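What you see is a predicted model, and the numbers here were worked out from it, not measured in a lab.
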Amino acid sequence: MITTSRASFEMAQKAAQVGIEILLAVSAPTQMAVKMSNDLGMTLVGFARPGRANIYTHAGRIHCD
C-alpha cells in the first residue's frame with residue numbers, strides 16, 4: 001500500500017487486517033506505526049523518493065539492486 005501522507009498506526013493496523021504486507025509512505029511514519037508494523041510482521045517504508053527510502057521494519061521483503 002502506498003500513501004502520500006504520514007504512516008500512522010491506524011493505517012498499519014487496517015493494512016494488516018486486509019493482508020497487505022508492505023506499507024510505503026512518502027512521509028515519516030509515527031513511532032506507534034513502526035512498533036505496530038514490527039509486531040504485525042509488516043514491512044514499513046518511509047521517506048520514499050525515487051532511488052531512496054528508509055526501511056523501518058522487516059526489511060527482508062525489499063530487494064535493492
Mind checking whether Leu23 and Ile20 sit in one hydrophobic cluster, side chains of I, L, V, M, F, W, Y counted as touching below 4.5 Å? yes

Non-neighbouring partners of Thr3 that pass side chain to side chain donor-acceptor pair (under 3.5 Å), sequence neighbours left out: Ser5

Name every donor-acceptor pair, under 3.5 Å, that has one atom in a side chain of residues 10-18 and the other anywhere in the protein, sequence neighbours excluded.
residue	atom	partner	partner atom	Å
Glu10	OE1	Ser8	OG	3.1

For Arg49, give me all partners under side chain to side chain contact (heavy atoms under 4.5 Å, CB included), at least two apart in sequence or on another chain. Val26, Arg52

Considering only distance and modelled atom types, tabulate donor-acceptor pairs under 3.5 Å from the side chains of residues 32-48, sequence neighbours left out.
residue	atom	partner	partner atom	Å
Lys35	NZ	Asp39	OD2	2.8
Ser37	OG	Ala33	O	2.8
Asn38	OD1	His58	NE2	3.4
Thr43	OG1	His58	O	2.7
Thr43	OG1	Arg61	NH1	2.9

Quick check for you: to the nearest 0.5 Å, what is the distance between Ile62 atom CD1 and Leu24 atom CG? 7.5 Å

